[in-house]
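See structure below.
Bear in mind that the values here come from a model prediction, so they are computed numbers and not experimental data. Order of appearance sets the numbers: ligands from 1, and atoms from 1 within every ligand.
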Amino acid sequence: MIPVSEPVLRGREAEYVAECLETGWISSSGRFIEAFEDSWAAYCGRRFGVAVSNGTVALQLAVASLGIGAGDEVILPTFTIISCALAVMYAGGTPVLVDADPATWCMDVGQVEAKITSRTRAIMPVHIYGHPVDMDPLLRLARRHGLAVIEDAAEAHGAEYHSSESDHDAWLRCGNFGEASCFSFYANKLVTTGEGGMVVTDDEPLAQRLRSLRNLAFEPGRRFLHRELGFNFRLTNVQAAIGLAQVEQIDATVARKRAIGRRYASALSGVDGIRLQPEREWAKSVYWMNGMVLDRTTGLDARALAERLRPLGVETRPFFLGMHRQPALLERGLFGGEKYPAADEIAEWGLYLPSGVGLGDDQVDAVARAVEQALR
Ligand SMILES: Cc1ncc(COP(=O)(O)O)c(C=O)c1O
């Protein structure tokens, strides 16, 4: 069976972890935490990194640290993981949805403005499956309306976006946009710590607030005095040790992921009835996951194709199911009667193929042949 994803730990991970064990620095203090935060923030072009225990709490911490709370609205794509909506709801705020762009599967930036109200505080773009959101128009909109941008770059380590803004006409890495950018380092991400996450930012007071709320909001100078409600979202030095070793390999990881993405595109280009995620001219995707959407003419939905691929030795995963389809959110009175047809379409007809960085060219070719056979 060719798995959807497997972590590859071939750098200095074992050496760094051994150092933690030998020195006893196994909790959330130790040299690897800061080294990991600094190296990842620098890679993203940011001044500060605040490591946390996973990507979900990275979003939660960013929302809380920006002071978003009861009565506030945050605009986010319906086609994403529930972590985005939860981050807003845990703060007492309300998630407001926009549909997916049918081609890139990322949030349809053209639909955001119509969702802005007097209660909107922030926009949360999510770079889906490693392909950047069209950030320039989104950032302009946020600026015009005085909104914060919380970037969810959990799936887009090392992906790049060509910004044509007058002050920087350049390729910028995802994680570089808005007030705060959030990452996950779960085992299927390009940089992994097993479980882990980080918020990166250029804003020093915000970084301080992120650090404080991450660690129970202890009063500086008077430990065990708390003026606000914090969280324990700390990452361990052992996880950061793995993370630092992973960051050291990021250039090779991104290059290999892009090569796998291109190989799938070429191997599947002659197959009728499927659509891959295109790479826009302003984007360099990292193909975190290589997704495809079936044409209705195939007569197969994503679940049926997955069932045919499994006996051919190919593991797959279904696409996200829109937030407007989540019982846990609907029963709280959210999104009643709202329609998001593009997200519904790709959720029903989309799935993703094996995409791990350790995948060989022969495995990519074998998966492509299996897809062709399953569709026949
Ligand atoms: C877009 C996105 N945001 C947030 C998360 C949450 O990250 P974690 O699983 O580390 O909590 C994920 C998880 O994969 C994700 O894909």
Practice task
Considering the heavy atoms of K189, write down every atom of ligand 1 situated less than 4.0 Å from one of them.
Solution key: 13 (C), 14 (O)
Handout entry: Nearest-neighbour protein heavy atom for atom 16 (O) of ligand 1, which is reported as residue plus atom name and distance
Key = E155 OE2, 2.5 Å
Handout entry: Sub-3.5 Å N/O-N/O distance, S83 and ligand 1
Key = no
Handout entry: Salt bridge E372-R369, side-chain N to carboxylate O under 4.0 Å
Key = no
Handout entry: Side-chain ion pair, R303 and E348, N-O less than 4.0 Å
Key = no
Problem - N-O pairing of R262 and E279 below 4.0 Å - result: no
Problem - Contact partition for V126 relative to ligand 1, non-hydrogen atoms under 4.0 Å - result: side chain
Practice task
Return the option from A154, A58, P77, S184 holding the heavy atom at the smallest distance from atom 9 (O) of ligand 1.
Solution key: S184
Practice task
Could you list the atoms of ligand 1 found under 4.0 angstrom from a heavy atom of N54?
Solution key: 10 (O), 11 (O)
Handout entry: Polar contact flag for T56 and ligand 1 (N/O pairs, less than 3.5 Å)
Key = yes
Practice task
Describe, in one word, how the ring planes of W105 and Y129 are oriented to each other, choosing from parallel (under 30°), tilted (30 to 60°) and perpendicular (over 60°).
Solution key: perpendicular
Exercise for the section: Examine Y186 against ligand 1 and note whether any of their N/O atoms are separated by less than 3.5 Å. Expected result: no
Handout entry: For atom 3 (N) of ligand 1, closest protein heavy-atom neighbour
Key = D152 OD2, 2.6 Å
Handout entry: Nitrogen or oxygen of G55 less than 3.5 angstrom from that of ligand 1
Key = yes
Handout entry: Element-labelled atoms of ligand 1 that are located less than 4.0 Å from some non-hydrogen atom of I81
Key = 2 (C), 3 (N), 4 (C), 5 (C), 12 (C), 13 (C), 15 (C)
Practice task
Inspect the contact between R296 and E345 and indicate whether a charged nitrogen and a carboxylate oxygen are less than 4.0 angstrom apart.
Solution key: yes
Problem - Electrostatic pair R214-E37, nearest N-O below 4.0 angstrom - result: yes
Problem - Close side-chain approach of Y161 and D136, heavy atoms under 4.5 Å - result: yes
Problem - Carboxylate-amine/guanidinium contact E195 K189, below 4.0 Å - result: no
